[in-house]
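Nothing here was measured: the structure is a model prediction, and the numbers come from that model. Each chain gets a letter, A, B and so on, in the order its sequence line appears, and its residues count up from 1.
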There are 2 protein chains.
Amino acid sequence: MVTLAEVAQHAGVSASTVSYVLSGKRSISATTRQRVEQSIRELGYHPNAGARALASSRSNIVALMIPLRTDMYMPVMMEISIAVATAARGYGYDILLLTGQEGPDAVRRVTGSGLADGMILMDVQLDDERLPLLRTTKRPSVLIGLPADPSGLTCVDLDWSATGALCVDHLAGLGHRDIAVIGEAPGVYERHTGFAVRTLDGLRERARELGVRALHRPCEAGYDALAATLARIFDERPATTGFVVQNESAVEPLLSLLRQQGRAVPEDVSVVAICPDQVATQAPVRLTSVAIPAAEMGRRAMEQLVAKLEGRGSAEVALIAPELTVRASTGPGQV
Amino acid sequence: MVTLAEVAQHAGVSASTVSYVLSGKRSISATTRQRVEQSIRELGYHPNAGARALASSRSNIVALMIPLRTDMYMPVMMEISIAVATAARGYGYDILLLTGQEGPDAVRRVTGSGLADGMILMDVQLDDERLPLLRTTKRPSVLIGLPADPSGLTCVDLDWSATGALCVDHLAGLGHRDIAVIGEAPGVYERHTGFAVRTLDGLRERARELGVRALHRPCEAGYDALAATLARIFDERPATTGFVVQNESAVEPLLSLLRQQGRAVPEDVSVVAICPDQVATQAPVRLTSVAIPAAEMGRRAMEQLVAKLEGRGSAEVALIAPELTVRASTGPGQV
DNA sequence: TTGAAAGCGCTAACAC
DNA sequence: GTGTTAGCGCTTTCAA
């Protein structure tokens, strides 16, 4: 293993000079720099991460806590993770992957050991049990998601409440008066997962304002579960002409079933989805949808974290405005 | 920040004693151990990761390289990652998440800096450019996937070749003579991704042995792409009665289209899928399928890696035998 | 069963 | 612009 001292000797300079060439923390003459860089290349030197972390008390690692659950839509989680990791490398950080299984203990462990300089948390619940810890730790953190009380925390999230409202706006604007919401699995609401609850709240409030009826039904993954849910909906509200779907695994089954039942989309029934664009555009009917900007969320979370790590930036909530793209699944309701 | 020295002082013992209590590498009297553990708890001590890594030259971190691409089925990647991370914690390791974007350089960086003690690589191509490096590095690694030449490497994978053969066996056994294979996106084959190529090879060979005709068509994600692919297949081989699908995003569209065309599954046409059980059981027709044992692959990869890290275990290929579960999507072919 | 002490490789004062 | 050096907090001989 090549050490900094060996590089220094090879280049005929002192250890600190090599260190400063690497960090750029003080000016170095062009010739010295070149000599050092040459030696580094020739010897194949790589700075030792542990020694660096010990001496500088910075690991250049950021922890990312992902959910362990299987009722969340994995591609979105994955896209966020990849965006975080990619952005992190751009700032010189690596990502430590933590699953939610350790819960708050993981925060303590990572934070206490100096393993990571900061952390990003996904799958935030309204009353998340990790929050008290985050507020007291000196290590910076960023949430992807918005808890009930974000005070003292930095959060990045889609504005889910506005997303719900936007869906109603669109359908109501087209003349739909009876809307059904096909939601995430029941467990998601039972855990008080922020995005699902807020979407519903925003949607219901706007519906009330506009005098539209909104019926919400959670739905497990799979064709059969959706079939049952759909049957119940038409049973309770036969006049339903508009659907809002916030459940990726329900999208295809829904379209398929409506078709089988002879309900044409968008002539008889309109569907708005809250899902990644990829899902919306790959469905049998191109779906009018509010996109989930997974990559942007990941990227912005990392940006915020770096700002905090560098002493800039502070506790704040950054909500991304939802955008609804009209495609082929929505049309006029009753005239 | 609490240090080991402070704990030692508080407990009235030497630093080395505290260290040995923590590592268990030498016997400690019960009373001493209790005193030390008490102090650790009272002071809220967490060993510093950097110092540990520096002194022991082991970071207790394992790198996991995941693909950056979006044409792989994310839920499987995610499930593998979670299984790896979960297993890792059980062995006292944390996971460093690397995306494929840095390519071989990531291997060099992580390996050279001592950031990770070993690594696990996903999305392995037959002629993967990272392999030469892995063979020469002293740091242990495990591939999830099987390259063309696995010599000197440790690999864990589903036996994809046997998987392909198994699908043909099943369909041929039911009397189908004309089989169509709906595969992954073209790019997956163009990159020579191991699992896709091997599945196809195994399938074709068995088809030849059994005198069955097999037509392979790659397929991009999405409803429209599948519709085009399906049309071509029936155009070229109108007598096709059996399908093998190795493309999760094609499953629902396929069933939906067959239904629309009046081809009943399994009465007119049989479908075997190669996909996670979750996909197979949630489809509108419960699919006969060969499961992708994502969690098992992740767990076993981590097991192998730990074995190598501890000096046990060595280069070897561990193939998981495929299992075909008969469900409702396959039935007798022409009589 | 325990202690003392020499590093591990790097960073960042502090000197010049 | 560059060199010297004192740690960073832990592991692990060596010695008792």
Sugar-phosphate, base or nothing in reach of B:Ser19, heavy atoms under 4.0 Å: base

Within 6.0 angstrom of A:Glu296 CD, more than 12 heavy atoms from elsewhere: yes

Separation of atom CG in A:Leu115 from atom C1' in D:dG9, rounded to whole Å: 14 Å

Check: C:dG3 base within 3.5 Å donor-acceptor of B:Ser16 side chain: yes

Touch class at under 4.0 angstrom, heavy-atom based, for B:Ser23 against every strand present: nothing

Short side-chain N/O contact from B:Ser56 to OP1 or OP2 of C:dC8, under 4.0 Å: no

B:Thr3 side-chain N/O to D:dG9 phosphate OP1/OP2 under 4.0 Å: no

Residue B:Leu54, side-chain heavy atoms: nucleotide from D:dT11, C:dT2, C:dC8 that is nearest: C:dC8

Sugar-phosphate only, base, or nothing, as touched by A:Val18 at under 4.0 Å among non-hydrogen atoms: nothing

Value in whole Å for how far the P atom of C:dT1 lies from CZ of B:Arg33: 10 Å

Positive for side-chain contact (heavy atoms from CB on, under 4.5 Å) with B:Arg52, one of B:Ser57, B:Ser59, B:Pro47: B:Pro47

From D:dG3, D:dC10, D:dT2, nucleotide with atom closest to B:Asn48 side chain: D:dC10

Between P of D:dT11 and CZ of B:Arg52, the distance in whole Å: 5 Å

Exam field: side chain A:Thr137 to backbone A:Leu133, donor-acceptor pair closer than 3.5 Å: yes

Side-chain donor/acceptor contact of A:Arg26 with base of D:dT2 under 3.5 Å: yes

Other residues, nucleotides, ligands: >12 heavy atoms within 6.0 Å of B:Gln9 CD: no

Short side-chain N/O contact from A:Thr17 to OP1 or OP2 of D:dG3, under 4.0 Å: yes

Of B:Leu98, B:Leu143, B:Leu97, the residue whose pairing with B:Met65 passes side-chain contact (heavy atoms from CB on, under 4.5 Å): B:Leu98

N-O pairing of B:Arg198 and B:Asp157 below 4.0 Å: no

Phosphate contact (D:dT2 OP1 or OP2) by A:Ser14 side-chain N/O below 4.0 Å: no

Toward the 5' end of DNA chain D, by each residue's nearest nucleotide, B:Tyr20 or B:Gly50: B:Gly50

Side chain to side chain contact (heavy atoms under 4.5 Å, CB included) between A:Leu146 and A:Val124, intermediate numbers included: CA-CA 7 Å; A:Leu146 186 62; A:Val124 177; over 6 Å; no

Touch class at under 4.0 angstrom, heavy-atom based, for A:Ile28 against every strand present: sugar-phosphate

Proximal nucleotide (of D:dG3, D:dT2, C:dC10) relative to the A:Ala51 side chain: C:dC10

Rounded distance (Å) that lies between atom C1' of D:dT2 and atom CD of A:Gln9: 17 Å

Toward the 5' end of DNA chain C, by each residue's nearest nucleotide, A:Ala5 or B:Ala15: B:Ala15

Length of the line joining A:Arg58:CZ and C:dC10:C1', which is rounded to integer Å: 15 Å

Global bending angle along the helix from C:dT1-D:dA16 to C:dC16-D:dG1, which compares the axes of five pairs at either end, to 10 degrees: 30°

Interatomic distance where NZ belongs to A:Lys25 and P belongs to C:dT11 [whole Å]: 8 Å

Distance, rounded to the nearest Å, where A:His46 contributes NE2 and C:dC8 contributes P: 21 Å

Rounded distance (Å) that lies between atom C1' of C:dG9 and atom CD1 of A:Ile40: 14 Å

Test: A:Asp128 and A:Arg191 ion pair at under 4.0 Å: no

